[in-house]
Asker: 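Right, I'll just put the structure down here and ask away after.
Every chain is numbered from 1, with letters handed out A, B, ... down the list of sequences. Model, not experiment: these values are computed from the prediction.
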Amino acid sequence: MDFTESVLMRVSLIPKGNVATYKGIATSLGDPNLSRAVGNALNSNLDPENVPCYRVVRSDGLVGGYRLGPSAKEKKLRADGIKIMKGRIIGLERYLFRFP
DNA sequence: ATTATGACCGAAG
DNA sequence: GCTTCGGCCATAA
């Protein structure tokens with residue numbers, strides 16, 4: 001299975017109300033330095049119906065990019081009950097999802 | 001094969 | 001706090 005597939009698979013595991021970081025995904029795949037590549041993977045392959053890629057944010061708490069625009073991403077996160085201010089998640093720690 | 005790009009990260013100013 | 005910069009790595013050109 002290729003890189004992009006594995007990424008999407010992990011992302012589909014993130015429960016509502018939780019988020020994961022690009023770095024976190026990368027690490028769960030075995031290499032913390034893949035963070036940038038992870039972002040790329042989500043950008044090219046998007047399956048909004050099956051993969052909640054809006055739940056993937058930057059490790060510094062900034063919401064980060066989204067294919068359909070940053071505002072759309074924020075909106076969805078808020079809908080999940082996550083607090084955001086000035087493009088940054090408040091208290092990222094308490095939402096973070098850790099992969100099994 | 002080589003180069004450019006991007007939904008990133010951490011350290012430094 | 002913020003901005004800049006170098007380093008990362010999988011894709012696309």
Side-chain angles (χ1 to χ4, degrees):
Chain A
M1 100 181 326
D2 71 2
F3 177 75
T4 305
E5 264 178 276
S6 335
V7 172
L8 297 178
M9 217 155 287
R10 289 301 196 303
V11 173
S12 66
L13 296 178
I14 308 173
K16 175 175 179 176
N18 282 67
V19 299
T21 64
Y22 295 97
K23 185 62 181 299
I25 306 261
T27 302
S28 88
L29 292 176
D31 183 351
N33 300 31
L34 289 168
S35 52
R36 204 163 185 179
V38 167
N40 278 325
L42 294 181
N43 183 41
S44 48
N45 279 37
L46 180 51
D47 251 323
E49 299 300 322
N50 308 309
V51 185
C53 56
Y54 65 88
R55 293 183 183 143
V56 185
V57 304
R58 299 181 23 161
S59 51
D60 59 4
L62 285 169
V63 170
Y66 195 56
R67 208 145 190 292
L68 311 175
S71 61
K73 187 170 181 177
E74 280 194 32
K75 191 172 149 195
K76 294 219 172 213
L77 287 170
R78 288 178 195 283
D80 278 16
I82 294 171
K83 282 191 175 185
I84 301 175
M85 181 172 207
K86 286 305 170 190
R88 189 181 303 272
I89 292 184
I90 311 301
L92 177 64
E93 306 297 322
R94 81 175 170 239
Y95 300 116
L96 265 181
F97 174 72
R98 310 232 190 274
F99 292 90

Asker: Base, backbone or nothing for each nucleotide of nucleotides 2-13 of chain C, written B, S, -, heavy atoms under 4.0 angstrom, 5' to 3'?
Answerer: S----BBBBS--

Asker: Test of understanding: clusters of I, L, V, M, F, W, Y form through side-chain heavy atoms closer than 4.5 Å, transitively. Do A/Val63 and A/Tyr22 belong to the same one?
Answerer: no

Asker: Please give me the minimum heavy-atom distance between A/Val57 and A/Leu62, naming the atom from each residue.
Answerer: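 Smallest heavy-atom distance, with atoms named: CB-O, 3.8 Å.
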
Asker: Is there a side-chain contact between A/Ile25 and A/Phe99 (heavy atoms, below 4.5 Å)?
Answerer: yes

Asker: Do the side chains of A/Asp60 and A/Arg88 get nearer than 4.5 Å, heavy atoms only?
Answerer: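 They are in contact (side-chain heavy atoms under 4.5 Å apart), so the answer is yes.
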
Asker: So do A/Tyr66 and A/Ser71 actually touch side chain to side chain, heavy atoms under 4.5 Å?
Answerer: no

Asker: Quick check for you: name the first and last nucleotides of DNA chain B, 5' to 3', having an atom under 4.0 Å from a heavy atom of chain A.
Answerer: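 Nucleotide range with atoms under 4.0 Å of chain A: B/dG6 to B/dG10.
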
Asker: Can you check side-chain contact (heavy atoms from CB on, under 4.5 Å) on A/Lys76 and A/Arg55, steps first, answer last?
Answerer: CA-CA 9 Å; A/Lys76 294 219 172 213; A/Arg55 293 183 183 143; over 6 Å; no

Asker: Show your working on side-chain contact (heavy atoms from CB on, under 4.5 Å) between A/Ile14 and A/Val56 and close with a plain yes or no.
Answerer: CA-CA 9 Å; A/Ile14 308 173; A/Val56 185; 4.2 Å; yes

